[in-house]
Amino acid sequence: MRKTTLVAAGAALVLTLTACSGNSATGTAQPAGANGQSQSDGGSGLASPFTDAIQLASASKQGTEKSKSAKFSMEGSAAGQTMSASGAMAFDGANTKFSMTTTAAGQTTEMRMVDRVMYIKLPAEEQKQMGTDKSWAKISADGTDPVSQAMSGALSQSAEQSDPSKILEQVSKAGRIISSDQTQLNGEQVNHYKVELDIAKAVDQFTGQVPAATRDKLTEMLKGKDIKIPAELWLDKENLPVQVTMDQGPMMQALGAPAGDSKFTMKYSDWGTTVDVAAPPADQVVDFGELMKKAGR
């Protein structure tokens with residue numbers, strides 16, 4: 001399988017892990033309007049920004065659990081490569097599903113995730129190269145080939161960690177709110193937060209999604225290092241994320257990656273939209289592991 005298709009699969013994991021990952025918040029959150037957030041500001045319906053990260057995470061999680069779905073777009077860059085994606089996602093823990101189109105390394109790829117299986121549409125040229133007449137390849141959480149095994153843990157966790165409020169839970173454990181203000185984004189009044197994530201405070205949060213074989217090595221490489229990851233959040237009057245940005249460049253460099261940007265911007269809209277995602281017809285699907293065996297990998 002061509003490298004560009006693997007890059008597209010990586011974009012999907014970036015979408016569900018990098019931009020939206022994290023574990024449960026610690027501490028006890030107060031209801032909105034108590035201590036951490038004042039009442040509605042003026043006639044916009046927008047309350048003043050939170051000052052406590054745990055309360056911020058709790059309020060946003062309540063909103064996303066109620067809405068359950070959204071449309072999204074993502075733009076990012078890493079090691080000199082750019083990628084983008086757009087689609088719709090329904091957040092439901094292990095049953096999370098999405099459909100999206102990604103563009104990476106100059107190639108556009110259609111992808112779907114449903115029932116913990118990721119489907120990647122193969123271009124006609126790639127079907128010919130791989131010796132298959134199937135138009136879709138699937139990567140399952142229980143795949144047995146080396147690439148599928150490497151990605152299976154991430155696939156499993158991506159389904160559970162794709163709720164965008166998870167980054168706020170990450171902030172509550174590993175970071176702090178540096179500043180906040182109220183502004184307009186796309187004509188909508190929003191609360192804007194600048195936050196900083198301290199890797200040393202929660203190394204496990206930043207290595208928990210990788211395969212177990214490399215987790216210990218990454219944990220050792222990150223332990224004790226003074227690495228700060230900047231992020232920005234824009235939340236609407238329902239405390240639903242409208243936009244999230246994160247720069248993981250400092251962490252990637254600490255892991256030995258070449259110096260350069262590793263930034264991602266997620267945008268969310270149409271919260272509560274209906275998301276219908278179905279697996280491709282079975283006779284049009286080939287197992288990713290079978291393609292790897294044919295390719296001698």
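Contact record, Gln184 with Val190: C-CG2, 4.5 Å, taken as the closest heavy-atom pair. Between Val286 and Leu122, the shortest heavy-atom distance links the atoms CG1-CD1, 4.5 Å. Val285 and Pro280 get closest at one heavy-atom pair: CG2-CB, 3.9 Å. The heavy-atom pair separating Val114 from Ala278 by the smallest distance is CG1-C, 4.3 Å. Between Asn239 and Ala59 the shortest heavy-atom distance is ND2-CB, 3.6 Å. When all heavy atoms are compared, the tightest approach of Ser67 to Leu240 is OG-CD1, 3.7 Å.
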Walk me through whether Ile120 and Thr109 qualify under side-chain contact (heavy atoms from CB on, under 4.5 Å).
CA-CA 7 Å; Ile120 306 174; Thr109 304; 3.5 Å; yes

Trace of the side-chain contact (heavy atoms from CB on, under 4.5 Å) decision for Met118 with Phe98
CA-CA 9 Å; Met118 185 176 292; Phe98 64 72; 4.1 Å; yes

Should Met83 and Thr102 be marked as a side-chain contact (heavy atoms from CB on, under 4.5 Å) after you check the CA-CA gap, both sets of side-chain angles, and the distance that decides it?
CA-CA 7 Å; Met83 63 183 71; Thr102 69; over 6 Å; no

Can you list the steps and then say if Val277 with Ser99 is a side-chain contact (heavy atoms from CB on, under 4.5 Å)?
CA-CA 6 Å; Val277 183; Ser99 63; 4.1 Å; yes

Candidate pair Gln182 and His192, rule side chain to side chain donor-acceptor pair (under 3.5 Å), full reasoning
CA-CA 6 Å; Gln182 293 190 332; His192 172 222; over 6 Å; no

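One finds the CG atom of Leu233 at 6.5 Å from the CG atom of Leu56 (value rounded to the nearest 0.5 Å). Note that OG1 of Thr265 is 7.0 Å distant from CH2 of Trp234, once rounded to the nearest 0.5 Å. To the nearest 0.5 Å, atom NZ of residue Lys71 and atom OG1 of residue Thr273 are 5.0 Å apart. Distance check, rounded to the nearest 0.5 Å: OG1 of Thr108 to NZ of Lys121 gives 12.5 Å. Annotation: the span from Met130 atom CE to Lys128 atom NZ amounts to 14.5 Å, rounded to 0.5 Å. One distance of note links OG of Ser58 with CG of Asp52; it measures 10.0 Å at 0.5 Å rounding.
Looking only at side-chain heavy atoms (C-beta outward), Met100 and Ser86 stay at 4.5 Å or farther from each other. Looking only at side-chain heavy atoms (C-beta outward), Val195 and Glu232 stay at 4.5 Å or farther from each other. Between Met246 and Phe264, the closest side-chain pair of non-hydrogen atoms is not below 4.5 Å. Using a 4.5 Å heavy-atom threshold, the side chains of Lys267 and Phe72 count as separate. Looking only at side-chain heavy atoms (C-beta outward), Thr64 and Lys66 stay at 4.5 Å or farther from each other. At least one side-chain heavy atom of Gln243 sits under 4.5 Å from a side-chain heavy atom of Leu185. Here the side chains of Trp136 and Gln127 are not in contact, with every heavy-atom distance at 4.5 Å or above. Put simply, the side chain of Asp181 does not reach to within 4.5 Å of the side chain of Tyr193, judged on heavy atoms.
With Asn186 contributing its side chain and Glu188 its backbone, the two residues share no donor-acceptor pair below 3.5 Å. Judged purely by atom type and a 3.5 angstrom limit, Lys134 uses its side chain to pair as donor or acceptor with the backbone of Asp283.
Placement of Leu46 and Val242 in two distinct hydrophobic clusters is found when ILVMFWY residues are connected by side-chain heavy-atom separations under 4.5 Å, directly or transitively.
Ring centers of Phe91 and Trp271: under 6.0 Å apart, within the cut-off.
Checked against salt bridge (Lys or Arg N to Asp or Glu O under 4.0 Å), Glu196 has the following partners two or more places apart in sequence or in another chain: Arg176.
No hydrogens or angles considered: nothing links the side chains of Glu75 and Ser84 as a donor-acceptor pair under 3.5 Å.
In summary, Arg112 and Glu110 engage in a salt bridge, as defined by a charged side-chain N under 4.0 Å from a carboxylate O.
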